[in-house]
Peer 1: 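Below is the structure I would like to discuss, written out as structure tokens.
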Amino acid sequence: MTPLRRIAVIGNSLPRRCGIATFTTDLERALSSSRPDLEVSIVAMNDHGQAYDYPASVALQIKDDTIEDYVRAAAFLNAGRFDVVCLQHEFGIFGGEAGGHILELLSRLSMPVITTLHTVLAKPTAAQRAVMERIVDASSKIIVMANKGREMLRSVYRVPDTKIEVIAHGIPDFPFVEPDAAKAKLGFSDRSVILTFGLLSPSKGIEVMIDAMPLILERRADAVYVVLGATHPNLVRDQGEAYRESLMTRVRELGVENHVVFLDQFVDQATLLEFISMSDVYVTPYLNEAQMTSGTLAYSFGLGKPVVSTPYWHALELLDDGRGVIVPFGNAVAIGKEIAQLLTNAPRRQAMRERAYSISRSMTWERTAESYMATFEHARHGDWLKVVARTGPVAIAHSPAASDMQLDHFFSMCDDTGLFQHAVHSVPDRAHGYCVDDNARALLLACALNNPGETRLSEVLTARFAAFVQHAWNPDTKRFRNFMGFNRTWLEDRGSEDSHGRTLWALGECARRDASPSRRRWAAALFAEALPAVEAFSSPRALAFTLLGLDGYCAVARDDAHAREIRHFLADRLMAGLASVETLDWTWFEEGMAYDNARLPQALMLTGMATQNPVYLAAGLRSLRWLMTQQTASTGHFRPIGTAGFGELRQPPRAFDQQPVEAAATIAACLTAWRAEGDAEWKAIANNVFAWFLGRNDLSIALVDPETGSCRDGLHPDRANENRGGESVVSYLLGLADIRQLARVNVSVTPPVALRAIGAA
């Protein structure tokens, strides 16, 4: 999988004066700073025939009322091979009824679309609802900035929860400073400063705050209310400066001219941060609850300012639990009382400042960009899927047993050391202790559960699996140990080649997908240290597992030339094995069949896609097709290679014993093939393989208990194996995670020309 290279953001852009222009520009800068090799471009919306002196980051402009511009923009984005498009949506910035012109652009795009909704209407008109529903259908993911947005998307628009991501409004990473220096610089020394900033319009409730000033001045005579911001351009166009003048008249009538300052400016970010820094209290006296997002609120909260606000949606969520002060709409007395109390209670004001600043560290633009990039990657790849084009909906086989990710049994199989190897029925079997194989699989599961729509494993549990892997590393032998007794004593100084390769696989995925940046760095470092040993390995599975790990590691360690060399070396080794054994009726890498078979074709396919090598990809597809002929019963259900036939040379596979690890490997390989070829048959096969867990097998026995998430260890000729060990439960959960991701990708796939050519090679 190649990393994201080109991203386009559609929305308003500075120097256009509006909140979405500021957000789009800030997002573009944050994304561009996240990786030096990433190209981020803005497609800018122009309003009502206006023209702007845009920076170089704006690659294309669209006149909001010109349909041809939307069509031209789609052609530009497709021709430019952008990996993803991120739409910033607000009804008022696009032309047509309810902003419907944007649909002409979205319907023509050949890459995933991720839409950020800056407004979610609780009571849309029929036209607004129709446009919103089509935008949701065209989007792989919908981003909102508050949980209220998620709730409304689910209840009002029936958007599946798995399609929604909540990512907080980004904020500058600004130090926690006292206001005195900024006050002195801006001419407000010895004043208690109350601030509101943003484009001026009647919905902002400035007049209510002006009415509150006499009450505030009774208790804090040095108070000054600073209103920073130009009048909204649309208001100026329609009414001139009548609204601003009415506010100034109100100030004079109340006799507070010396305590209210209007600064008719649209300031750059550096100047804005100085003004926020000097304030003692920030106030948002908005008049309407239907405000899903407020950039001014986010910025002020992020700089550690005590905030007094009316209860619009974003404020209710951000300021909950005493993080700020909420007052009723339009109530000048309540606003005045609360601000006066804050200005006369320095300890309370300081405590609120420190709490706001501490909580907001997760909202910095750097962190916001990380969340957006993760969402882009998931939209592009799914779990193992790459969405290349959308040609219409697909029907995904679905089962109630596949709908929920139950982890009770998995948790019961873990203790403070790691995941147990075996169980007696569903009871963990301490006699056999632990192994790095199963704990590496558990770390892979932790990475899989970082996908959208899943509940992450706890930090404690994920760290425990990582610690087991770290402890398994033997720096003296440069190999991973595998088996550990219940007394935490290692039973060997080095494990098998396969266990070493599987651990590298887990580390590679951890380096790419772990939720913790620190653990990602740890995984990459240990991967690099443990990789050289593989060059001397002979096991095809060890080579395949390592290639799976290299797919993750090389995506994040792009400067590691040695790792790239080893990737080609290992892939060539697998290719040599296939060439030496393959005949017209035996398309395989060995003279016999063993376990985890589908991981070999999967490794070649992933390596072929990552390196754009058609030979690797074609060999992986060819061998997987043959493997499926060996693993499909005459009745059409999945029949994994049985353990009784391991070691037999060029013989038809034995039917028993059948094990969950084969099903999980085959599901993942089929979805990799689907991503490579775009043939919907691979999706159907993956669903058919998953049905093996649910009872569509030789014995018509379900291996899983959907209530607990346990999985039997396999099928004997006459019964199920009632033991439910670590390998089995993790194999089932990994297969389930793949199928759940597949079910979320509600689009068909047409492979790009290059991959179609590779697949045909």
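Along the sequence shown, the residues carry numbers beginning at 1.
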Peer 1: In Å and rounded to the nearest 0.5 Å, what is the CG to CD1 distance from L671 to I739?
Peer 2: 5.5 Å

Peer 1: Would a 4.5 Å heavy-atom cut-off, applied to side chains only, mark R519 and E459 as touching?
Peer 2: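 Contact flag for R519/E459 side chains = yes.
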
Peer 1: Between V281 and V325, is the side-chain contact (heavy atoms from CB on, under 4.5 Å) condition met? List the steps.
Peer 2: CA-CA 11 Å; V281 174; V325 178; over 6 Å; no

Peer 1: Got a donor-acceptor contact below 3.5 angstrom from the H314 side chain to the S294 backbone?
Peer 2: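 Yes, H314 side chain to S294 backbone: donor-acceptor pair under 3.5 Å.
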
Peer 1: Going by side-chain contact (heavy atoms from CB on, under 4.5 Å), V58 matches just one of I42, L14, T25. Which one?
Peer 2: I42

Peer 1: Please tabulate, for side-chain N and O atoms in residues 300-312, each donor-acceptor pair with protein atoms closer than 3.5 Å (sequence neighbours left out).
Peer 2:
from, atom 1, to, atom 2, distance (Å)
S300, OG, T296, O, 3.1
K305, NZ, S277, O, 2.9
K305, NZ, S279, O, 2.9
S309, OG, T284, O, 3.4
S309, OG, T284, OG1, 2.7
T310, OG1, T284, O, 3.4
T310, OG1, Y286, N, 3.2
T310, OG1, Y286, O, 2.7
Y312, OH, T284, OG1, 3.1

Peer 1: Okay, side chain of R129, backbone of V156: is any donor-acceptor separation there less than 3.5 Å?
Peer 2: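 Pair found, side chain donor or acceptor close to backbone of V156.
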
Peer 1: Is it the case that the side chain of S458 and the backbone of L461 share a donor-acceptor pair, with hydrogens and angles ignored and the cut-off at 3.5 Å?
Peer 2: yes

Peer 1: Without swapping roles, check the side chain of K163 against the backbone of I142 for a donor-acceptor pair under 3.5 Å.
Peer 2: no

Peer 1: Between S32 and E28, is any side-chain donor less than 3.5 angstrom from a side-chain acceptor?
Peer 2: yes

Peer 1: Give, for atom CG of L733 and atom CG of L444, the distance between the pair rounded to the nearest 0.5 Å.
Peer 2: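 Going from the CG atom of L733 to the CG atom of L444 covers 12.5 Å.
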
Peer 1: Is the closest side-chain heavy-atom distance between V71 and E68 below 4.5 Å?
Peer 2: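 No. Closest side-chain heavy atoms not under 4.5 Å.
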
Peer 1: Any chance you could measure M209, atom CE, to I206, atom CD1, to the nearest 0.5 Å?
Peer 2: 9.0 Å

Peer 1: Would you mind checking if R5 and D83 are paired as a salt bridge, meaning a charged N to carboxylate O distance below 4.0 Å?
Peer 2: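 Looking at R5 together with D83, the answer is no, because their closest N to O distance does not fall below 4.0 Å.
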
Peer 1: For P706 versus Q406, what's the shortest heavy-atom pair and its separation?
Peer 2: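 Closest approach of P706 to Q406, heavy atoms only: O-CG, 3.0 Å.
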
Peer 1: Can any side-chain N or O of T196 pair as donor or acceptor with the backbone N or O of V283 at less than 3.5 Å?
Peer 2: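 At least one qualifying donor-acceptor pair exists.
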
Peer 1: Would you list the atom pairs, donor with acceptor, under 3.5 Å between side chains in residues 86-98 and any protein atom, with sequence neighbours excluded?
Peer 2:
from, atom 1, to, atom 2, distance (Å)
Q88, OE1, H118, NE2, 2.9
E90, OE1, T119, OG1, 2.8
E90, OE2, T119, OG1, 2.9

Peer 1: Could D137 and R134 be called an ion pair, given the rule that one side-chain N must be under 4.0 Å from one carboxylate O?
Peer 2: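 No salt bridge links D137 with R134.
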
Peer 1: Please answer whether the main-chain N or O of E317 pairs with a side-chain N or O of R323 as donor and acceptor at a distance below 3.5 Å.
Peer 2: yes

Peer 1: Relative to each other, are the rings of F376 and Y372 parallel, tilted or perpendicular (30° and 60° limits)?
Peer 2: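 Ring orientation, 0 to 90° scale: perpendicular.
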
Peer 1: Evaluate the side-chain proximity of S140 to T375: yes if any heavy-atom separation is below 4.5 Å, no if none is.
Peer 2: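 Heavy-atom side-chain distance check fails, nothing below 4.5 Å.
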
Peer 1: Quick one: do S518 and S516 satisfy side-chain hydrogen bond (donor to acceptor under 3.5 Å, both in side chains)? Show the steps, please.
Peer 2: CA-CA 5 Å; S518 176; S516 163; 4.8 Å; no

Peer 1: Going by the angle between their ring planes, with limits at 30° and 60°, are H101 and Y70 parallel, tilted or perpendicular?
Peer 2: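 Perpendicular: the ring planes of H101 and Y70 meet at over 60°.
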
Peer 1: Got a sec: does the CD of E133 have more than 12 other heavy atoms crowding it under 6.0 Å?
Peer 2: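 Above 12, so yes.
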
Peer 1: Any side-chain heavy atom of V120 sitting closer than 4.5 Å to one from M132?
Peer 2: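 A side-chain contact is absent here, since even the closest heavy-atom pair is not under 4.5 Å.
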
Peer 1: Hey, is the main chain of M352 close enough, under 3.5 Å, to the side chain of Y357 for a donor-acceptor pair?
Peer 2: no

Peer 1: Restricting to non-hydrogen atoms, name the atom on A515 and the atom on N450 that form the minimum distance, rounded to 0.1 Å.
Peer 2: N-ND2, 3.4 Å

Peer 1: Is there a donor-acceptor contact under 3.5 Å from the side chain of N78 to the main chain of R108?
Peer 2: yes

Peer 1: Going through the distances and angles, do L407 and T455 end up as a side-chain contact (heavy atoms from CB on, under 4.5 Å)?
Peer 2: CA-CA 10 Å; L407 299 173; T455 300; over 6 Å; no

Peer 1: Do the side chains of D320 and L316 get nearer than 4.5 Å, heavy atoms only?
Peer 2: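 A side-chain contact is absent here, since even the closest heavy-atom pair is not under 4.5 Å.
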
Peer 1: Looking at side-chain heavy atoms only, is the closest gap between L228 and L272 below 4.5 Å?
Peer 2: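 Heavy-atom side-chain distance check passes, below 4.5 Å.
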
Peer 1: How many angstroms lie between atom OG1 of T116 and atom CD1 of I143, to the nearest 0.5 angstrom?
Peer 2: 4.0 Å

Peer 1: So which atom in R513 and which in R520 form the shortest heavy-atom distance, rounded to 0.1 Å?
Peer 2: N-CD, 4.5 Å

Peer 1: Just by modelled atom types, is the T364 backbone N or O under 3.5 Å from a matching donor or acceptor in the D173 side chain?
Peer 2: no

Peer 1: Could you check whether any side-chain heavy atom of R512 comes within less than 4.5 Å of a side-chain heavy atom of E377, counting everything from C-beta outward?
Peer 2: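 No; the side chains remain at least 4.5 Å from each other.
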
Peer 1: Could R154 and Y157 be counted as a cation-pi pair, given that NZ or CZ must be under 6.0 Å from the ring centre and within 45° of the axis?
Peer 2: no

Peer 1: First locate atom OH of Y243, then atom NZ of K204, and finally report the distance between them rounded to the nearest 0.5 Å.
Peer 2: 9.0 Å

Peer 1: Does the side-chain contact (heavy atoms from CB on, under 4.5 Å) test come out yes or no for Y54 and L60, once each step is laid out?
Peer 2: CA-CA 10 Å; Y54 288 120; L60 190 71; over 6 Å; no

Peer 1: Take L103 and I135 through the test side-chain contact (heavy atoms from CB on, under 4.5 Å) and record every step on the way to the result.
Peer 2: CA-CA 7 Å; L103 299 173; I135 289 172; 3.8 Å; yes

Peer 1: Heavy atoms only: give me the nearest I335-V208 pair and the separation to one decimal.
Peer 2: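 Minimum heavy-atom separation between I335 and V208: CD1-CG1, 3.9 Å.
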
Peer 1: Y52 and P15: which non-hydrogen atoms are nearest, and at how many Å?
Peer 2: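 Looking at all heavy atoms of both residues, the closest pair is CB-CG, 4.2 Å.
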
Peer 1: Could you label the plane-to-plane angle of the H169 and Y299 rings as parallel, tilted or perpendicular, counting under 30° as parallel and over 60° as perpendicular?
Peer 2: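 Aromatic pair H169/Y299 classed perpendicular.
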
Peer 1: Identify the heavy atoms of L31 and A369 that sit nearest to each other, and give their distance.
Peer 2: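 Distance-wise, the nearest heavy atoms are CD2-O, 4.0 Å.
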
Peer 1: Would you indicate whether the side-chain heavy atoms of M145 and T368 approach each other to under 4.5 Å?
Peer 2: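 With C-beta onward as the side chain, the pair stays apart.
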
Peer 1: For residues 16-23, run the donor-acceptor check on the side chains, cut-off 3.5 Å, and write out each pair with its distance to 0.1 Å, sequence neighbours left out.
Peer 2:
from, atom 1, to, atom 2, distance (Å)
R16, NH1, N12, OD1, 3.0
R16, NH1, M45, O, 2.8
T22, OG1, C18, O, 3.3

Peer 1: So how far is it from L319 CG to L297 CG, rounded to the nearest 0.5 Å?
Peer 2: 5.5 Å

